[in-house]
Amino acid sequence: MYFNNELSGLKDRFLKSLLAQKYPDRINFFLWELKFLDCFLHLQNFAFASECGMLDVSQKMLKNFKRMCATFRSIRPNAGSDNAFAYLKEVICKRLCATLLNTRPDACSDDGFAYWNEVIWKTKQEFRAKYSFPKTPLASNKVDDDDINIHSPKFVMEFIDAVVGNLNVLVKINDPCSLLFVPGPKEQIDQVSKELKLLRFFVCFVSNKCIEPQYGHTTFYIHALIEASHIAMVVWLHLPVYGNGNQDLAPSEVSRLLSDFISRNSNYIDVLKALKSTIPQAQNKHAAESGIVETPTHNLMVGLSDQMVNLQEMLCLLRDNLIHLPILDLEFHLQDMDSVILDAGLLIYSLYDIEGEKEDTVLDDMNRALGFDLPRNIEPIKVMVYLVMQKAFQCNLPRVHGLGYVDFLLKNLNDFQGRYSDSLAFLKNQLQVIQTEFESLQPFLKVVIEEPHNKLKTLNEDCATQIIRKAYEVEYVVDACINKVAPHWCLERWLLDIIEEITCIKAKIQEKNTVEDTMKTVITHTSSQLARTPRMNEEIVGFKDVIENLRNRLLNGTKGQDVISIHGMPGLGKTTLANRLYSDRSVVSHFDICAQCCVSQVYSYKELLLALLCDAVGDDSARRKHNENKLADKLRKTLLSRRYLILVDDVWDNSAWDDLRGCFPDANNRSRIILTTRHHEVAKYASVHSDPLHLRMFDEDESWKLLEKKVFGEKRCSSLLLKDVGLRIAKMCGQLPLSIVLVAGILSEMEKEVECWEQVANNLGTHIHNDSRAIVNQSYHVLPCHLKSCFLYFGAFLEDEVIDISRLIRLWISESFIKSSEGRRLEDIAEGYLENLIGRNLVMVTQRADSDGKVKACRLHDVLLDFCKERAAEENFLLWINRDQISTKAVYSHKQHAHLAFTEMDNLVEWSASCSLVGSVLFKNPDSYLYSPAFSTSLILLNFKFLKVLDLEHQVVIDFIPTELFYLRYLSASIEQNSIPSSISNLWNLETLILKSTPVGRHNTLLLPSTIWDMVKLRHLHIPKFSPENEEALLENSARLYDLETISTPYFSSVEDAELILRKTPNLRKLICEVECLEYPPQYHVLNFPIRLEILKLYRSKAFKTIPFCISAPNLKYLKLSGFYLDSQYLSETVDHLKHLEVLKLCDLEFGDHREWKVSNGMFPQLKILKLEYLSLMKWIVADDAFPNLEQLVLHGCQDLMEIPSCFMDILSLKYIEVDMSNKSVVKSAKNIEETQVEDNQNTNFKLVIIKKMVLKFDIYQNHDKGRLETFKKLVPLPGVKSVRFDMDEKKVTVTGVMDANEVQLVVSKLRKRGML
């Protein structure tokens, strides 16, 4: 009814009123009474309402309310109004509120309220003696009113909803002092509510099965209305008692009245029989929308016979699986389904209609009496149930798959049959056949990956997709069997069909000879598609005139602040161009402060302010606690007296610029702001003096140069014929840089032959001009199928997010995107996939490792990211859930996407009910510094029964670890607990476990249960400062974790602790740990690390003590030692076991033996990078051939070091030395090395970087030291400044950076001029 919604809003207004807090129960009481009254008055056009007196008592009660309100001294009522809703809305708003808030005795005294309470109760009492159930024939209740809504099924359902709402109020009240309290158990009221809901379902069912409202069915709606109004009247007249009792009617009599309604079932039989004749004309509506299954299953009798039990089971299966199934998939079964359901309904209601004979009724007799054979009809419904279950699952599968899923399934099939052998016993034979079939298809899947340009590519990929879909189905069937959510006959039939379909797939493959023809060539070599030569970032091509124009605007022009706006379509290179200007040395040296931020379409204002402040005054973790207003004020004050250059990238609308513009003051000092946007309106809106620059397209020459550079690198295209085709392709790209780069990615994967390039030109066509989406779509179309899932997965990341590669690869592996290959690590294969995407210019590299050139971080262009999100949603692969998408329609969508990305945990809660098949949940929050309050994962995560990846990005604090999700392979979150439950081992599929401590518990040692060592599939374990909970149990009972490759950060209190864990992890590759050191170890114990260990980082637990062991790791490539006391003996004994070391970093170390370090010949034969930071080292003696392959030497803070040994002059592999101004002799020796390397050795690749240091003296005034420190922090963003250190005792600040003498003098003079020195 319409009355409820508006009155609910009024109630909220009352309850929020300060004075009304003492009267909420009275408000609820009046609302309850008036809602019923309004329902009854809506029946005034029906004959039965007058015949039974329902309308009379409603009118009388309405007059009572008018009299009650008329006694109040506010506006007089409109006595002529008979519409309860309109009249009572006025009354409640203007009078009842005044009544409850007024303290006058005649208005709201306790005596006044009691009087009107008594009047209401006596009116009901008088009517109870006369009221009886309406007996008017149904036909006489046909309404001739012009308003068809009055007698429509919608009206009936709304009426029932209103009554159910009022009943639910009574069920929830448990306070005996409440006016709405009902004594005794409330089960009967709850049952009445359920029966009303069933009646509503039946009305909905009937209405959806009729082509038009026929006479017979119209009278059924009125009968349903009579039933609902009768029980509403019974409840209203007799409940609640609100303190007056029911002296004229015993509680048992009230119970009988309610029971009479609960037992009414005979009225439905005629309607069901009539409906059977309409089945061929039934409308094709979604079954779940009509309550098609709810009606017969609600009161289905159990125990009458085996057939009835089977019927109940199958109808429930239909109900559970229909909700996510588009009806078109079952259109040809609708009539059969309706027929069986109507027969079941007839049987059920007929049984209820036979009083006293239920136990003696024979099902066969009932079937004959009703004219149908239910046992025979059960067989076709079996077929229907199976098809519904199968299609309900299949229609939710993604259309893009990772080819590693078969690997995951085969491993799990073995585990499942071992762990759940009893549950799976009846499927044992089928599962063994399926396992054999999938194993036989593994070579074919390998062919699909390693021969992506095979002539049968399309057929191969189609077959591969079908194979993966069958793997998903097998997993689902096995899970349904273990959890007993489907009957055995259904699951057994499903597996037999899967076996038959796999056989058909194999026949299709063999028919085209794909296996035999391609297997012979693929096994003998490793495809170049899996590994590519890393390519470094390249210089910008084109726009020379534009760059010069913008540089002139930045350095010259108006004396006031100016905004240089660059706008243009996506893919033109706006961001690249802006960054080129922002990093231009001639531009940067002109400004005191440089800062930048990237806004994007979805942004956090606070995060933008923090980014700008970090560039302007340096990072400060305490600043993250400030609110936005305080941060904005600090930024404005920081920039107020300085000449600044600000880069604001990717602004989408005027409001984003409005958020920031107030932080950029105009001090009339030639400050400049570079702004990039796609929209001309935004560029024009932000402009101050300079006109916006519309970035032009590339000309033909620039287009070809960019294409040539991306395809050929530093070489040139030597073939004139090929160049002609290339020029044509470049022109077809519409002079759009992004399109050119993407097409270059396609060409770089092909043979550099004219025929191949002609094919690309023909495929591109003429429609792609200025359409970057078409180019992206073309690049995606030619991707091998094993790369499509990897590429679309980038859609789960935020716009402009820099993505850590190690994390990305772990996610890819957990998602089964990576297909295993014998003798190769999954991580290495995944790196090959990534390099392939980079080579196609689909992914941009943002950072590579110095030692081996491997990618460490990457990102996607906005256009590509948008494509990934849109295409992933289309393929049912990934869906972003934002707050504005939360709605009933969204939650009950027919598709369950394989992966879901959320921005707020509340969104996850609202979606969780419809996500049982979701495989991944990824939480992304632009406010990266925020930790959420502890989140009750127990409320929602159990709904995600097939969840394999739960990545909460360390920002979400979970209240417990979801140990019931045994498919889970990747878990990342934050916890507040100081221990992990032993049930963690239930996650027996877990491969990556990343748990972070909140700031509160960051310094505590976390206890790790011994059961975690039973998780034999673990590959990566990252838990801050953990130690074993029970070392004896670990030593005696646990297995070795052969798959575990990385661990951080265990705490070793002794050598024995370290040996124990290392013995359990024989294939460890990376270890970061804290070590409890010894004062004076009796001898250096050699600790043998796993033979495959490549990266080792050791940190001290206590200040500057000796490591209690020597390191033996024959394949170690990277070693970092921090915070220890070392001597020559330790280093000599250690490096003897580190012959393959490539990177050595020594930080904050104390040196013994007179602070001397001797390095002999052959000690570091493979070392490429040596970094020494803040060592007490004084004398460094290096033999001539100690570092034969060294490429980089970095010295920071080694103030006591006398010089760099002269032997570094003769190291021909040396490319880079970086030193700070620790002392003059070190700098001098570095320059001597540079001179020899460049002039004598002709080493043109050599580069010397000197991090200069300024020592700035200052005076400290009382109460001004904090402000002085804040002032010095402003030195950080100055051009070339790398770090700032304070020494309050010596009254000095040390500033280091890469600056020449002129820049140093310029900085000092600026600081003095501004009174900072």
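Computed from a predicted structure; not experimentally measured.
Residues Ile829 and Ser821 form a side-chain contact, since some pair of their non-hydrogen atoms from C-beta on lies under 4.5 Å apart. Counting heavy atoms from C-beta outward, Leu783 and Phe791 have side chains that approach closer than 4.5 Å. Contact annotation: the side chain of Ile980 approaches that of Leu1006 to within less than 4.5 Å [non-hydrogen atoms, C-beta and beyond]. Taking 4.5 Å as the limit, some side-chain heavy atom of Val400 sits within range of a side-chain heavy atom of Lys788.
A salt bridge between Glu815 and Arg969 is absent, with no side-chain N of the basic residue lying under 4.0 Å from a carboxylate O of the acidic one. Classification of Arg1069 and Glu1094 as a salt-bridged pair holds, one side-chain N sitting under 4.0 Å from a carboxylate O. A salt bridge is defined here as a Lys NZ or Arg NE, NH1 or NH2 lying under 4.0 Å from an Asp or Glu carboxylate O, and Asp804 with Arg807 fails to meet this definition. Using a cutoff of 4.0 Å between basic side-chain nitrogens and carboxylate oxygens, Asp407 and Lys819 are scored as salt-bridged. With respect to Glu1173 and Lys1171, a salt bridge is recorded, a charged nitrogen being found less than 4.0 Å from a carboxylate O. One finds a salt bridge joining Arg1019 and Glu827 here, because a Lys/Arg side-chain nitrogen approaches an Asp/Glu carboxylate oxygen to under 4.0 Å.
A cation-pi arrangement is present between Lys869 and Trp880 under the rule of less than 6.0 angstrom and at most 45 degrees off the ring axis. Geometrically, Lys948 does not engage Tyr970 in a cation-pi contact, judged by NZ or CZ lying under 6.0 Å from the ring centre and within 45° of the ring axis.
Contact between Glu835 and Val855 at its shortest, heavy atoms only, is OE2-CG2, 3.3 Å. Nearest heavy-atom pair, Gly402 versus Ser789, reported as atom, atom and distance to 0.1 Å: CA-OG, 3.8 Å. Shown here for Lys606 and Arg624, the closest heavy-atom pair between the two residues is NZ-O, 3.1 Å.
Annotation: side-chain contact (heavy atoms from CB on, under 4.5 Å) contacts of Asn579 (sequence neighbours excluded): Thr575, Gln596, Leu647. Every residue two or more places apart in sequence or in another chain that forms a side-chain contact (heavy atoms from CB on, under 4.5 Å) with Cys785 is listed here: Leu403, Val448, Glu461.
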Name every donor-acceptor pair, under 3.5 Å, that has one atom in a side chain of residues 1116-1123 and the other anywhere in the protein, sequence neighbours excluded.
| unit_1 | atom_1 | unit_2 | atom_2 | d |
| --- | --- | --- | --- | --- |
| Tyr1118 | OH | Lys1145 | NZ | 3.4 |

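Using a distance-only test at 3.5 Å, with no hydrogens or angles considered, a donor-acceptor pair links the side chain of Asn876 to the main chain of Leu397. A donor-acceptor pair is defined here as one N or O able to donate and one able to accept, closer than 3.5 Å; no such pair exists between the side chain of Glu831 and the backbone of Asp828. Checked by atom type and distance alone, the side chain of Asn1115 pairs as donor or acceptor with a backbone atom of Ile1091 at under 3.5 Å. Although no hydrogens or angles enter the test, the distance criterion places a donor-acceptor pair under 3.5 Å between the side chain of Thr846 and the main chain of Ala857.
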Practice item. Might you work through the side chain to side chain contact (heavy atoms under 4.5 Å, CB included) test for Leu1071 and Leu1062, ending with a clear yes or no? Key: CA-CA 10 Å; Leu1071 174 62; Leu1062 295 177; 4.0 Å; yes
**Study point:** Test log, rule side chain to side chain contact (heavy atoms under 4.5 Å, CB included), inputs Tyr833 and Ile818
**Key:** CA-CA 8 Å; Tyr833 287 12; Ile818 312 303; 3.4 Å; yes
Point to revise | Test log, rule side chain to side chain contact (heavy atoms under 4.5 Å, CB included), inputs Leu950 and Phe923 | key: CA-CA 8 Å; Leu950 179 60; Phe923 181 76; over 6 Å; no
Practice item. Evaluate the criterion side chain to side chain contact (heavy atoms under 4.5 Å, CB included) for residue pair Cys597 and Asp649; output intermediate values, then yes/no. Key: CA-CA 6 Å; Cys597 67; Asp649 188 28; over 6 Å; no
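Aromatic ring orientation, Phe817 versus Tyr793: perpendicular (interplanar angle above 60°, classes split at 30° and 60°). By the 30° and 60° cut-offs, the orientation of the rings of Trp812 relative to Phe794 is perpendicular.
Around the NZ atom of Lys856, the shell of radius 6.0 Å holds no more than 12 heavy atoms that belong to other residues, nucleotides or ligands. For Arg1092, the CZ atom counts as loosely surrounded, since its 6.0 Å shell holds 12 or fewer non-hydrogen atoms of other residues, nucleotides or ligands.
Side-chain polar atoms of Trp988 and Asn986 form no donor-acceptor pair below 3.5 angstrom. Neither side chain, Asp1014 nor Ser985, offers a donor N or O lying under 3.5 Å from an acceptor on the other.
Rounding to the nearest 0.5 angstrom, the gap separating the CG atom in Leu865 from the CG atom in Asp800 is 8.5 Å. To the nearest 0.5 Å, the span separating CG on Leu860 from CZ on Phe867 amounts to 11.0 Å. The distance from atom SG of Cys598 to atom CD of Glu607, rounded to the nearest 0.5 Å, is 11.5 Å. We find the OG1-CD1 distance between Thr1005 and Ile1023 to be 12.5 Å, quoted to the nearest 0.5 Å. Atom SG of Cys868 sits about 9.5 Å away from atom CZ of Phe877, to the nearest 0.5 Å. Taking CG of Leu811 as the reference point, atom OG of Ser972 lies at 8.5 Å (rounded to 0.5 Å).
For the pairing with Leu1018, the side-chain contact (heavy atoms from CB on, under 4.5 Å) check across Asp1043, Leu987, Ile1012 returns one residue only, Ile1012.
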